[in-house]
Structure formats: structure tokens, C-alpha cells
2 protein chains.
Amino acid sequence: MHAAARFADYLSRKRLKMTRERRVILEQVLAARGHFGVDDLQEILRKAGHTVSRASLYRTLPHLVESGLVHKLEMAKGQARYEPMVGRHHHDHMVCLECGKIIEFESREIERLQDRVCRRKRFSMTGHTHQIRGYCDGCAGRRGPRAGGPDPQAHRV
Amino acid sequence: MHAAARFADYLSRKRLKMTRERRVILEQVLAARGHFGVDDLQEILRKAGHTVSRASLYRTLPHLVESGLVHKLEMAKGQARYEPMVGRHHHDHMVCLECGKIIEFESREIERLQDRVCRRKRFSMTGHTHQIRGYCDGCAGRRGPRAGGPDPQAHRV
DNA sequence: ACAGATACTGCAACTCAGTCTCAATTATCG
DNA sequence: CGATAATTGAGACTGAGTTGCAGTATCTGT
């Protein structure tokens, strides 16, 4: 099913409306080819010649997430980032504490073990976040091997 | 090495001072037997007859984290929770979206796979967060099987 | 033990992401 | 075509966390 149709379907099932703003947001979000924050998105929209208030972005993004078209990443300090999920399958992220780069990874095996843990604990999983912090190839080299000490536990990102 | 001594060591290596406030915070944090937020901690301290300003809590907790005595959990919407880590080994968390309960789990196998992924991506890991969202045994039952639809993606916690 | 250097504390003002209220607007259903 | 209910933008607001400042406490060297 086409993304726009899928969103339209989601909206109508919830008795919500397909407004100009939602259409434009959807369009630009799907065109984005990376991870973006709310302010980034507003900038993208502005460049595309549209104005949408921050309030509307904050109101629309959860719908895109809930309809499965977009995925939300919770970064440190409550900074949320989003990424389009159309035609992609689930993956998790590594975040470089030096340059902020986000590297995607996926592991069927980890997912499988995760399911097993949930079954064992009688926990009904609806979603998960698996984020690895550290330094990417380039940054680890520049900092020198084994530098840094203990994990600053996402004081940055 | 005893926790207090370890913290003292950490402080002196960083040319920081062991103040009354830090001593009291350390003491109460180590005595806590669960996950707590900053306000919880202030309440705990108050009940123990100590007054420490929120600012000092916010200034001290990162030191406890960096010295490895305490672990920080990043929950949704930037709400941080902490847990003492003395004499415990690493574990991850399941968070019930209904009642807020935090269930701990650990899996050597997942950790191993995680290391492997990092090696493959040439990523130098300093830490990670693996959080599973969903409904605990009790709450899943009360909500009825298969209720809820897609992951609300940590709009709650 | 003392003094000087330096870090720490509490307070209150501030930041920043995100939420909410409200009046005006607009999509949708019959 | 209306009526009805959802949506929008603006700006006020919230809540977690941070920061500048003036006074205070710890630590270091002697």
C-alpha cells in the first residue's frame, strides 16, 4: 500500500482529517533520507516553500509514528529524532558521542533473544529501543585507542 | 573496594571535594533499593533529615554515574532515573507502559551479539541502552490479550 | 594547624523541548 | 450545501535540567 494512502487510511479510521499541513509534512518526511529532529523538519519544510507551525509538527509526528510510516528515536536529554520507515525493516542505532553520526544495525538474532527474554518474563512487548553509544571508526581513531574511560552515559549526543 | 572509598578516590583524582552533601547523597543512593528519579531522591534525603538543593543533586549524580557507582536510565521525554550499581552486574530494562514498573533482564548472549555487531561496524562501544517497552504480566492481562495496537513509542512510560 | 586557592552550595533566573489553550479556519459527512 | 468536529498558529505554559552569582566549605602546602 502506498504511503500516502496508508496515512489517509490511518486518519480516516481515527476520524482525523487529511489537511494541507499533514500532506506536506508526510511528503517531506518521506523524502528525507536520514534522521532528523523537529527543527530540522521545520527547516526542510520552509525550504520547500511551506510554513507549518511547530505545534502542528508536534501534533502530526505522533500520528506518522503510530501509523508506522515513521520511527521515533529517543536520544539523550529527551531530544527526539525521526526517520522514515517506508519500505524498510526494523533496525537499531549506534550513536557516535564525538560527531553525532548515527549508524544503523540490525540483528535477527538479537531480536530473537529479546523475544525469548520477554516470554520468560511474561512481558508483552510492543516495542523496544536498543542504542549503542561510543565512537565511530573515524572518531575513535582521532581520539586514540582506548581513550575516554567509562561511558559518560549519554551526557552528550 | 568500598563504595565510599571508590567515590573519594574518583573525586580526588579529579581534584573535586568530598562535601557533606555528596557524602549524604552517596549514602542514601546506595541504600536505595530500586530505581528513583531526582525528585524521589530529594524526598528520600528529606526523610533522612538532610536538605540538599536540586541543583546539587543534578551536579552530583553525574559524578556518581561517571565513577560507576550509579547507573542512569534515560526514560521517555527525557525523564532520567537512577539505580545503584554497587556489587551488581550490568542488566537492561523492560518498562511497563501501564503501571510504570521496571523489570530487569540480562542476557549474556545479547551482549555477545552486540559486541560482534560493534566489531563488524568498527564501532568502539562505551555503553548502551536496551529498553523494552510493553505491558507486564498483570497489566497485559487486565488490558486483555492483544490490545493496544502499535507501539505508542514511549509517549508514556 | 593555618592560610590561600579552589571547588561547592543554594537560590533564582534561565533554557529548551514539548504541550496546551483559544479563537479562527477547514475538512468531512449527510 | 451546511452542520459538526477536527485543525491550525500564536503564544503562554510546563517540567526537567542548567547556570551565574555571592557566600561558604574543603583541600593543599607549609
Side-chain angles (χ1 to χ4, degrees), chain A residues 4-5 7-26 35-43 45-46 50-67 70 72-82 100 152-157, chain B residues 4-5 7-26 35-43 45-46 50-67 70 72-82 100 152-157:
Chain A
F7 191 45
D9 184 58
Y10 163 86
L11 290 176
S12 80
R13 266 187 293 105
K14 286 216 152 193
R15 249 110 256 213
L16 301 177
K17 296 171 179 173
M18 176 59 92
T19 63
R20 184 185 64 77
E21 286 78 4
R22 287 180 179 160
R23 227 185 312 270
V24 183
I25 291 171
L26 174 65
H35 310 79
F36 56 87
V38 173
D39 289 345
D40 301 329
L41 179 54
Q42 191 164 35
E43 180 60 13
L45 286 162
R46 200 192 54 67
H50 304 290
T51 10
V52 178
S53 69
R54 267 167 36 90
S56 288
L57 293 178
Y58 279 113
R59 283 187 281 232
T60 298
L61 282 165
H63 290 310
L64 289 173
V65 169
E66 203 179 333
S67 65
V70 169
K72 179 180 182 179
L73 310 181
E74 304 275 359
M75 309 296 279
K77 297 194 187 177
Q79 290 156 4
R81 299 188 71 73
Y82 298 84
Q153 197 55 39
H155 288 155
R156 314 168 52 175
V157 164
Chain B
F7 191 44
D9 184 58
Y10 163 85
L11 290 176
S12 80
R13 266 186 295 103
K14 284 217 151 191
R15 248 112 257 213
L16 301 177
K17 294 170 182 175
M18 175 60 91
T19 64
R20 185 185 66 77
E21 286 77 4
R22 287 181 180 161
R23 227 184 312 267
V24 182
I25 291 171
L26 174 65
H35 310 78
F36 56 88
V38 172
D39 290 344
D40 302 328
L41 179 53
Q42 190 164 36
E43 180 61 13
L45 286 162
R46 200 192 54 67
H50 304 290
T51 9
V52 178
S53 68
R54 267 167 38 89
S56 288
L57 294 179
Y58 279 115
R59 284 188 279 232
T60 298
L61 282 166
H63 290 309
L64 290 173
V65 169
E66 203 178 333
S67 64
V70 170
K72 179 180 183 180
L73 310 181
E74 304 274 358
M75 310 295 280
K77 296 193 186 177
Q79 290 156 2
R81 298 188 72 73
Y82 299 85
Q153 198 54 41
H155 288 156
R156 312 170 52 178
V157 163

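Letters A, B, ... mirror the listed sequences (proteins, then strands); counts begin at 1. All values below come from the heavy atoms of this structure, side chains included, with hydrogens, waters and symmetry mates left out.
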Visitor: To the nearest angstrom, how far is A/D40 atom CG from C/dA17 atom P?
Guide: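 A/D40 atom CG is separated from C/dA17 atom P by 11 Å.
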
Visitor: What contact category does B/S12 fall into here, base, sugar-phosphate, or nothing, at under 4.0 angstrom with non-hydrogen atoms?
Guide: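 The answer is nothing, as B/S12 stays clear of every strand by at least 4.0 Å.
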
Visitor: How many whole angstroms separate atom CG of B/L16 from atom C1' of D/dT28?
Guide: 15 Å

Visitor: Main chain of A/D9, side chain of A/S12: is a donor-acceptor contact present, judged purely on distance under 3.5 Å?
Guide: yes

Visitor: Using whole Å, what does the distance between atom C1' of nucleotide C/dT6 and atom NZ of B/K14 come to?
Guide: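 Rounded to whole Å, this separation is 16 Å.
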
Visitor: Assess whether one donor atom and one acceptor atom, taken from the side chain of A/R59 and the base of D/dG9, lie less than 3.5 Å apart.
Guide: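 Indeed, a donor on one side and an acceptor on the other fall under 3.5 Å apart.
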
Visitor: Can you figure out which of D/dT8, C/dT28, D/dA16 approaches the side chain of A/M18 most closely?
Guide: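 Within the option list, the nearest is C/dT28.
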
Visitor: On the side chain of B/K77, is there an atom forming a donor-acceptor pair with the base of C/dA17 - under 3.5 Å, no angle test?
Guide: no

Visitor: Which whole-number value in Å describes the distance from A/L61 CG to C/dT19 P?
Guide: 10 Å

Visitor: Is the backbone N or O of A/L64 less than 3.5 Å from a side-chain atom of A/S67, with the two atoms forming a donor-acceptor pair by type?
Guide: yes

Visitor: Ignoring backbone atoms, test whether B/Y58 places a side-chain nitrogen or oxygen under 4.0 Å from the OP1 or OP2 oxygen of D/dT18.
Guide: no

Visitor: Which residue lies toward the 5' end of DNA chain D, A/E21 or B/T19, if each is placed at its nearest nucleotide?
Guide: A/E21

Visitor: Calculate the interatomic distance between B/Q79 atom CD and C/dA17 atom C1'; express it in whole Å.
Guide: 12 Å

Visitor: Which pair of non-hydrogen atoms, one from A/K17 and one from A/L11, has the smallest distance, and what is that distance?
Guide: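 Scanning both residues completely, I find the closest heavy atoms to be O-CD1, 3.8 Å.
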
Visitor: Tell me which nucleotide among C/dG10, C/dT9, D/dG9 gets nearest to the side chain of B/R22.
Guide: C/dT9

Visitor: Would a distance-only check, ignoring hydrogens and angles, find a side-chain to backbone donor-acceptor pair under 3.5 Å from A/Q42 to A/V52?
Guide: yes

Visitor: Give the rounded distance in Å between these two atoms: CG of B/L11 and P of D/dA25.
Guide: 19 Å

Visitor: Once you round it to whole Å, what is the distance between C1' of C/dA7 and CZ of B/R15?
Guide: 13 Å

Visitor: Which pair of non-hydrogen atoms, one from A/M18 and one from A/A4, has the smallest distance, and what is that distance?
Guide: CE-O, 4.4 Å

Visitor: Between B/R20 and A/S56, just flag the one whose closest nucleotide in DNA chain D comes earlier from the 5' side.
Guide: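 Mapping each residue to its closest nucleotide by heavy atoms, the 5'-most match is A/S56.
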
Visitor: So which one's nearest nucleotide on DNA chain C is more toward 5', B/K17 or B/I25?
Guide: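 By nearest-heavy-atom nucleotide position, the 5'-most residue is B/K17.
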
Visitor: Do the side chain of B/R54 and the base of D/dG17 come within less than 3.5 angstrom through a donor-acceptor pair of N or O atoms?
Guide: yes

Visitor: Which whole-number value in Å describes the distance from B/R13 CZ to D/dT28 P?
Guide: 14 Å

